[in-house]
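This report concerns only the one structure given below.
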Amino acid sequence: MFLIETLGQMFSYSFLVRGMIVGMIVAICASLLGVILVLKRYSMIGDGLSHISFGAMAIGLAFGFAPIKVAIPVTIIAAFILLKLSDNSHINGDAAIALGSSSFLAIGIIVNSLVTGTSIDLNSYMFGSILAISKEDMWICIILGVIIAVSFMWFYHQIFAITFDENFAAATGVKVQLYKTVLSVLTALTVVIGMRIMGTLLISSLIIFPALSSLMVFKKFKYVMAGSVVISFVSFFIGMVCSYIFSIPTGASIVVVNLIVFVMMAIVGQIKK
Amino acid sequence: MAQIICNNVTVAYEKEKVIDNVSFEIEQGDYVSIVGENGSGKSSIVKAILGLVSLKSGKVLFGEDCKRSHIGYISQQNPNYKSFPASVYEVVLSGCLSSKGIMPFYSKKLKDTAKEYMELLGVDEFANKNFKDLSGGQKQRVMLARALCATDKILFLDEPVTGLDPVAILEFYEIINNLNKTKGITIIMITHDTQNALNYSNMILHLYRDSSKYFFGTKEDYMKHEGYHLCSCGSEHNVKEKIHKMNKEGV
């Protein structure tokens, strides 16, 4: 009864409805991409991209542009470069991510401190805010969600082959570079949209946690994918409701729920062994 | 009829050439072993043929009846194999990807092909088992079934028996030899095992660390070549030691 009343109250606020819609779509997109990123050992790319996106947003604000319109192209280019660097054995990909993310974060903080009088609080990008979701964000997110869901269903077998053995896929004529470029773009878009709710510091958890939790229990690729989506969706919903009930920050609440689910899955995984 | 023609192929990483001006032709039904020291460019020449690395100069040409999508490839053990969540059937079926086309699913015919190769290689009983839980020999048979789903023409194998026990090695060589003899599949195998290379193959490509130097020819010619005498000293780890000893003894 209490839960129904709480949900009724939550959905009476239009900004919460927008936040819920955007968050759930981002949760689904992040969980699908997360499985590939974790299995290909690119887990930290989400973290790096969110910091780069923060810097780009700060610069956008400083020059009077809509922050999201600056962040999207910058983050897409950064995603492409970071994935390239991670594949290049001559350059340490992890080091490049750390270098890029800390540099952009520092630039963002400096630009933010120098520019005064902006109407948007940059702290909401750092720690996430449900209030930051506009109608425009919601529509971008819905389009993004449809693109990612359809891409994953249509190209599931190509994604499997590239994630499992990139060299074999390339040798048999699969356009590996094209798929990796698309992966970069989708990851960048998910991070930019997702960090409005989760914040720069926490968005990578939405990519990594559901995939890791699912990998603890499921042993087939398609089940891992499906499990990751369900875990991410449920964790986001519970996190949002907890955030509302206990008046705690949304991003942090969702991460803690994901952490609890991960521990539970790890235990189930051990028992199953 | 030549199936693969390498014409003055040069491969370089940054400015260092690992393959320099190498030319050879592989005929349909050949069994080619690529031998040589570590760092002599064995994997690079295969990757160059497969289009996985770009050529600095030269050309790789395929015969009329052969396209890049007709190639089967078993790469060196990938660290991904140890933890990847996939069933044996999923892995083998992924070999049919190039025949699938743009549709989002595999046809019944392709699924039957995957099952047929799983049966041929004796891995059908593990179809629903996790790939990562198989033994080294079983994994290689699964990889071979996947490669065969992609081709019935050319098979590239990059050190396929590394890490296998002697029984599994012998079994694997027999399977490959059988595919070459009965189905006429061209085999191009990178190996450190010179003795078995000579037992099974008809052509040898020997690459050296001095990238401009190489041997390509029949097994019989190779046995008269200095590269053979270098390798027949025993395991390659002992080669330098043995050459030193032979020099000392005036051999």
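Below, read A as the first sequence line, B as the second, and so on, with proteins coming before strands; counting in each chain starts at 1. In this text the structure is predicted, and so the values were computed from the model without any measurement.
Listed options A/Arg41, A/Lys40, A/Met153 were ranked by heavy-atom pairs under 4.5 angstrom with chain B; first place goes to A/Arg41. Of the listed residues (B/Met103, B/Glu90, B/Lys100, B/Met143), the greatest number of heavy-atom pairs within a distance under 4.5 Å of chain A belongs to B/Glu90. No other option in A/Val176, A/Val224, A/Leu39, A/Val174 has as many heavy-atom pairs under 4.5 Å with chain B as A/Leu39.
The heavy-atom pair separating B/Asn128 from A/Lys220 by the smallest distance is OD1-NZ, 3.7 Å. When every heavy atom of B/Tyr106 is checked against every heavy atom of A/His157, the shortest pair comes out as CE1-ND1, 3.1 Å. Listed here is the closest heavy atom pair of A/Phe160 and B/Ser94: CE2-CB, 3.8 Å.
Neither the backbone nor the side chain of B/Phe156 comes within less than 4.5 Å of any heavy atom of chain A. Only the backbone of A/Phe218 comes within contact range of chain B, with at least one heavy atom under 4.5 Å from a heavy atom of that chain.
Counting non-hydrogen atoms of neighbouring residues, nucleotides and ligands closer than 6.0 angstrom, the CZ atom of A/Phe233 reaches no more than 12 such neighbours. Heavy atoms from other residues, nucleotides or ligands lying under 6.0 Å from NZ of B/Lys108 number 12 at most. In A/Lys175, the NZ atom is not crowded: 12 or fewer heavy atoms of neighbouring residues, nucleotides or ligands sit closer than 6.0 Å. Enclosure of atom NZ in B/Lys56 is not indicated, since only 12 or fewer non-hydrogen atoms of other residues, nucleotides or ligands lie within 6.0 angstrom.
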request  = Give the C-alpha distance, both sets of side-chain angles, the deciding distance and a yes or no for side chain to side chain contact (heavy atoms under 4.5 Å, CB included) between B/Ser87 and A/Lys222.
outcome  = CA-CA 10 Å; B/Ser87 69; A/Lys222 60 183 167 194; over 6 Å; no
task = Let me see the working for A/Phe164 and B/Val91 under side chain to side chain contact (heavy atoms under 4.5 Å, CB included), right down to the final yes or no.
result = CA-CA 8 Å; A/Phe164 180 65; B/Val91 172; 3.7 Å; yes
Trace of the side chain to side chain contact (heavy atoms under 4.5 Å, CB included) decision for B/Leu52 with A/Asn167 = CA-CA 7 Å; B/Leu52 300 177; A/Asn167 277 341; 4.0 Å; yes
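Partners of B/Lys17 according to the salt bridge (Lys or Arg N to Asp or Glu O under 4.0 Å) rule, which considers only residues two or more places apart in sequence or in another chain, are B/Asp20. With sequence neighbours excluded, the residues that form a side chain to side chain contact (heavy atoms under 4.5 Å, CB included) with B/Ile175 are B/Leu121, B/Arg141, B/Leu144, B/Leu179.
Salt bridge annotation for A/Asp165-B/Arg146: present, with a cationic side-chain nitrogen under 4.0 angstrom from a carboxylate oxygen.
The closest side-chain heavy-atom distance from B/Phe84 to A/Phe221 is below 4.5 Å.
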